[in-house]
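Labels below follow one simple rule: chain letters A, B, ... track the order of the sequence lines, proteins then strands, and each chain is numbered from 1. This structure is a prediction, so every number in the text was calculated from the model and none was measured.
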Protein chains: 2
Amino acid sequence: MLSQSTFPTVLRQLLRTHQAFLSYAARHVHPLDLTLPQYDVIITLGNTPGMQPKKLGEETLITKGTLTGVVSRLEDKGLVERLASKKDGRSQIIRLTEAGQAIYERTFPEHLVFINRLFDDYTPEEVSRLEADLVRLHRAVVTARGDDVEEPAHEFQE
Amino acid sequence: MLSQSTFPTVLRQLLRTHQAFLSYAARHVHPLDLTLPQYDVIITLGNTPGMQPKKLGEETLITKGTLTGVVSRLEDKGLVERLASKKDGRSQIIRLTEAGQAIYERTFPEHLVFINRLFDDYTPEEVSRLEADLVRLHRAVVTARGDDVEEPAHEFQE
DNA sequence: AAGTAATTGTTCTAATTAGAATTATATAAT
DNA sequence: ATTATATAATTCTAATTAGAACAATTACTT
């Protein structure tokens, strides 16, 4: 078996599953005239007093350069608003407007039903195990990423 | 904890792990002056006589509209070439040029080492189980999506 | 054979993406 | 305090992304 010369199928399957899930979730979100990242921001802000872009990006896995644009489009739609922080001149609070909160309350319960349908045939233990396995792989990736510094760059200090 | 009102953490973890893996893989690919999708095309075409864009897209999970651009950029770099099919006027064959094949041969072995490092702490059984669990979830998504039976049970090994 | 339907690939668009450079502000060090 | 460093968010760029519309070609139906 020449599995040594092929790309690990487990990783290909990770990509495939990820992609399939996104296209599934989009079915529920696109009819709301929202993109997936936009809806992700809304459900992350739902039932919160708002949060800084930095934290919002960490929660949604959207990098900051991207987040600026996503939030701006939601602002244009009147679904979120940016408030300047008084404590920190660099910082903001992003929160849902009333219209944004209304969308959240109206759609999120059914979104959860829609998503959880995927696990109809799973026992809670099976879901937990899958999650634990994904956490383990994630940890392996982060570890490898941190350990894999070919050029430590210790010699060149500015 | 109001876990009923929160997004399933197993899916969030799927997205997180996927993202971490891509950024890890990019470390090895970007120094080659290639994007991840571009490199994916190259390793998919490696050691093959070439293939149609349709199949190439299925293998790499790149949708056709995107694939046109990815292939064009690789063509500009002289790494792949498009050949018109004589049997089917709509169709093409995309294959590596000599330069593309050279990059493949020079980099893919070390790329595999780089990637397989993620599973250093896994037993083969653990990898198989994770893959099977991902296949199961993928199947659940496709089933829920409802557009089943587009792909015959031809799940060949890559 | 003629007309209809399906397939292949390109083009077009709006949005996302990561990464780098930039601006503005805050914190730390001396 | 003054300088240096770190952080927060925006801006900029090239590429990818999905989806829709399109042109060209092939396959099917009658």
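For residues 29-39 of chain A, proximity to DNA chain C is found at T35(A), P37(A), Q38(A), defined as any non-hydrogen atom under 4.0 angstrom from a strand atom.
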Listing time: all N or O pairs from protein to nucleotides 10-12 of chain D that are below 3.5 Å?
| unit_1 | atom_1 | unit_2 | atom_2 | d |
| --- | --- | --- | --- | --- |
| dT10(D) | OP1 | R82(A) | NH1 | 2.7 |
| dT10(D) | OP1 | Q92(A) | NE2 | 3.2 |
| dT10(D) | OP2 | T68(A) | OG1 | 2.8 |

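For the pair L61(B) CG and dT17(D) P, the interatomic distance rounds to 10 Å; values are reported in whole Å. Atom-to-atom, NZ of K77(B) to P of dA15(D) comes out at 7 Å; the value is rounded to the nearest Å. Atom CG of L22(B) is separated from atom C1' of dA15(D) by 14 Å (rounded to the nearest Å). Rounding to whole angstrom units, CD1 of residue I94(B) and P of dG9(C) are separated by 7 Å. Summarising the geometry, the separation between NZ on K54(B) and C1' on dT7(C) is reported as 8 Å, rounded to the nearest angstrom. Straight-line distance from the CD atom of Q52(A) to the P atom of dT25(C): 16 Å, rounded to whole Å. Note: CD1 (I62(B)) to P (dG9(C)) measures 14 Å, nearest angstrom. Look at CZ on R27(B): it is 9 Å from P on dG19(C), rounded to the nearest Å.
A close approach under 4.0 Å does not occur between any side-chain nitrogen or oxygen of Q19(B) and OP1 or OP2 of dT17(C). Note on S91(B): every side-chain N or O is 4.0 Å or more away from OP1 and OP2 of dT8(C).
The side-chain heavy atoms of V141(B) and R117(A), taken from C-beta on, include no pair separated by under 4.5 Å. Side-chain contact between L112(B) and P8(A) is present, with heavy atoms from C-beta onward closer than 4.5 Å. In this structure the side chain of R16(A) reaches within 4.5 angstrom of the side chain of L61(B), judged on heavy atoms. Contact of the S23(A) side chain with the R145(B) side chain is registered, since non-hydrogen atoms from C-beta on lie closer than 4.5 Å.
At a threshold of 4.5 Å between side-chain heavy atoms, the hydrophobic network of Ile, Leu, Val, Met, Phe, Trp and Tyr places L96(A) and I93(A) in two separate groups.
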Per-nucleotide protein contact string for nucleotides 23-28 of chain D (B base, S sugar-phosphate only, - none; heavy atom under 4.0 Å): -BBS--
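Mapping T63(A) and I93(B) onto DNA chain C by nearest heavy atom places I93(B) at the nucleotide closer to the 5' end.
Applying the 6.0 Å contact sphere to CD of E98(B) captures no more than 12 heavy atoms from other residues, nucleotides or ligands.
Neither side chain, T97(B) nor E81(B), offers a donor N or O lying under 3.5 Å from an acceptor on the other.
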Criterion side chain to side chain contact (heavy atoms under 4.5 Å, CB included) on I94(A) and L74(A), from CA distance to verdict: CA-CA 11 Å; I94(A) 300 175; L74(A) 286 171; over 6 Å; no
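Aromatic ring orientation, Y122(A) versus F119(A): perpendicular (interplanar angle above 60°, classes split at 30° and 60°). Classification of the H28(B)-Y39(B) ring pair by plane angle, with boundaries at 30° and 60°, yields perpendicular.
A distance of 6.0 Å or more separates the ring centres of H138(B) and F21(A).
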